[in-house]
Protein chains: 2
Amino acid sequence: MQQPTAPELEILKLLWSKQPLTAREIHDELATVLSWGNSSTRKTLERMGDKGFIACETMANKNSYTTLLDKMPTLAAFAQDFAKRVFELNEPLPVAMFASSKLVNADEMADLEKLLAELASPAHAQTKNTAMKDNES
Amino acid sequence: MQQPTAPELEILKLLWSKQPLTAREIHDELATVLSWGNSSTRKTLERMGDKGFIACETMANKNSYTTLLDKMPTLAAFAQDFAKRVFELNEPLPVAMFASSKLVNADEMADLEKLLAELASPAHAQTKNTAMKDNES
DNA sequence: CACCATCTGCGACAATTGTCGCAAATAACA
DNA sequence: TGTTATTTGCGACAATTGTCGCAGATGGTG
């Protein structure tokens, strides 16, 4: 499953703090951060639904959205990807670095530690082939 | 200046380790990681040039590429962006987390620490407005 | 000097993402 | 129950990115 894009992550973080929210609520909350037109927010919500990131429940003409992605595994995936891609770190990241994060509490921190360890060990085996002489693969 | 994309970062990391490289050399080195067609590599190189990430010097029918982005400031920017965007951390990230990274040595680590501190303090002042009643901004 | 292996610039195409607008459906209210 | 305020689904468009193919320029060789 692909990673959420930056704006999508913003929406997910919001939903992780307040579960069912209507499109308008989400839009208003994000107004301070994303300055989007209402349609942009809804379109993004729609696409997130297509990707299976969130679920949409229509109720009395209003759509309520809920996350389908678990918070810590998602954040852990982001962390691991970052560590590997940017710094080529293979060991799990020390959770200490997230200590001051306002969106992760003690319990979640414990989960995070475990998740990071898991993601790091079975090392992503990225096998590739293809090796032409000249043009194109 | 925008952030390099994932493949672009890969190319930059390569150049940081071996300064002037021809398109083919870059392509071959990255083959293990990116499995791209030769044209894809060159196109990416071209676009990186447009963005001012690298410089291209044509010499005897061969193009040699060099980085225009400094290693540590670039990595620090990535780190800071990640910390802020994903974990909403405002304090600078502890450099300890990068200790085991093979691509950063002791001296660079010191720079990194300083850079992270700088990036964290003048907190990104992101001002936005727009607040409609209903549709569109 | 003709020929062949390389390179290069550049145009193309599909998929993704940021952003909207609009017309039809729904609900609330005079 | 007709009018108005909201919502929603969906189509659109531009920019970015992943990937190529091609035709022309360049250099080495017999």
Side-chain angles (χ1 to χ4, degrees), chain A residues 1-12 20-31 33-66 85 126 128-137, chain B residues 1-12 20-31 33-66 85 126 128-137:
Chain A
M1 190 172 294
Q2 55 188 320
Q3 293 233 310
T5 62
E8 290 178 342
L9 213 209
E10 225 50 54
I11 292 180
L12 287 176
L21 286 177
T22 72
R24 167 121 279 127
E25 292 172 325
I26 294 179
H27 175 66
D28 292 343
E29 292 273 8
L30 267 51
V33 188
L34 295 177
S35 71
W36 264 354
N38 184 288
S39 290
S40 298
T41 304
R42 288 190 308 108
K43 185 52 142 186
T44 299
L45 249 12
E46 185 188 327
R47 299 212 251 237
M48 288 176 76
D50 293 341
K51 295 181 189 172
F53 291 169
I54 58 178
C56 167
E57 170 140 14
T58 305
M59 192 180 273
N61 174 37
K62 248 94 173 180
N63 283 7
S64 282
Y65 297 88
T66 338
R85 186 167 54 72
Q126 40 182 184
K128 301 290 181 174
N129 39 326
T130 334
M132 303 262 69
K133 214 321 198 36
D134 191 72
N135 266 303
E136 301 328 318
S137 66
Chain B
M1 191 173 291
Q2 55 187 322
Q3 293 233 309
T5 62
E8 290 178 343
L9 212 210
E10 226 50 54
I11 292 180
L12 287 176
L21 287 177
T22 72
R24 166 121 281 125
E25 292 172 324
I26 294 180
H27 176 66
D28 292 342
E29 291 273 9
L30 267 51
V33 188
L34 295 177
S35 71
W36 265 354
N38 184 288
S39 291
S40 299
T41 305
R42 287 189 308 108
K43 185 52 146 187
T44 299
L45 248 12
E46 185 187 326
R47 298 212 253 238
M48 287 176 77
D50 293 341
K51 295 181 188 172
F53 290 169
I54 59 178
C56 167
E57 172 140 13
T58 305
M59 193 179 272
N61 174 36
K62 247 96 171 178
N63 283 5
S64 282
Y65 297 88
T66 339
R85 187 166 54 72
Q126 39 181 183
K128 300 290 182 174
N129 37 328
T130 333
M132 304 260 69
K133 208 333 192 31
D134 190 73
N135 267 302
E136 302 327 320
S137 65

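Treat the numbers as computed from the prediction; the structure is a model and nothing was measured. Numbers restart at 1 for each chain; the letters A, B, ... are given by sequence-line order, proteins then strands.
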Using atom [atom1] of [X] as one end and atom [atom2] of [N] as the other, report the distance to the nearest whole Å.
{"X": "B/I11", "N": "D/dT19", "atom1": "CD1", "atom2": "P", "value": "12 Å"}
{"X": "B/H27", "N": "D/dT19", "atom1": "NE2", "atom2": "P", "value": "12 Å"}
{"X": "B/D50", "N": "D/dT17", "atom1": "CG", "atom2": "P", "value": "11 Å"}
{"X": "A/K62", "N": "C/dT26", "atom1": "NZ", "atom2": "C1'", "value": "9 Å"}
{"X": "B/E57", "N": "C/dT8", "atom1": "CD", "atom2": "P", "value": "13 Å"}
{"X": "B/N38", "N": "C/dT6", "atom1": "CG", "atom2": "C1'", "value": "10 Å"}

Measure from the side-chain heavy atoms of [X] and tell me the nearest of [options].
{"X": "A/K43", "options": "D/dC10, D/dT19, D/dT7", "answer": "D/dC10"}
{"X": "B/N63", "options": "D/dT17, C/dG9, D/dC20", "answer": "C/dG9"}
{"X": "B/R47", "options": "C/dG18, D/dT8, D/dT19", "answer": "D/dT19"}

With A/T41 via side chain to side chain contact (heavy atoms under 4.5 Å, CB included) - residues at least two apart: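 Partners of A/T41 under the side chain to side chain contact (heavy atoms under 4.5 Å, CB included) test: A/I26, A/H27, A/W36, A/L45.
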Salt bridge (charged side-chain N to carboxylate O under 4.0 Å, His left out) contacts in which one or both residues fall within residues 43-53 of chain A, not counting sequence neighbours: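 Output for this query lists A/E8-A/K51, A/K43-A/E46.
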What residue pairs, at least two apart or across chains, pass salt bridge (charged side-chain N to carboxylate O under 4.0 Å, His left out) with a residue in residues 56-65 of chain B?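 Salt bridge (charged side-chain N to carboxylate O under 4.0 Å, His left out) check on residues 56-65 of chain B returns no pairs.
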Min side-chain heavy-atom separation A/N38-A/R24 under 4.5 Å: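 Yes, side chains in contact.
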Least distance between heavy atoms, A/P20 atom then A/E25 atom: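 Where A/P20 meets A/E25 most closely, the heavy atoms are O-OE1, 4.2 Å.
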Nearest heavy-atom pair of A/R85 and B/A6: which atoms, and what distance?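 The pair with the smallest heavy-atom distance is CD-CB, 3.8 Å.
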Ignoring backbone atoms, establish whether [X] has a side-chain N or O less than 4.0 Å from OP1 or OP2 of [N].
{"X": "B/K51", "N": "D/dT17", "result": "yes"}
{"X": "A/R42", "N": "D/dT7", "result": "no"}
{"X": "B/S40", "N": "D/dC20", "result": "yes"}

Tell me which residues in residues 2-10 of chain A put a heavy atom below 4.0 Å from DNA chain C, sorted by number, or none.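 Within this stretch, A/T5, A/P7 sit under 4.0 Å of the strand.
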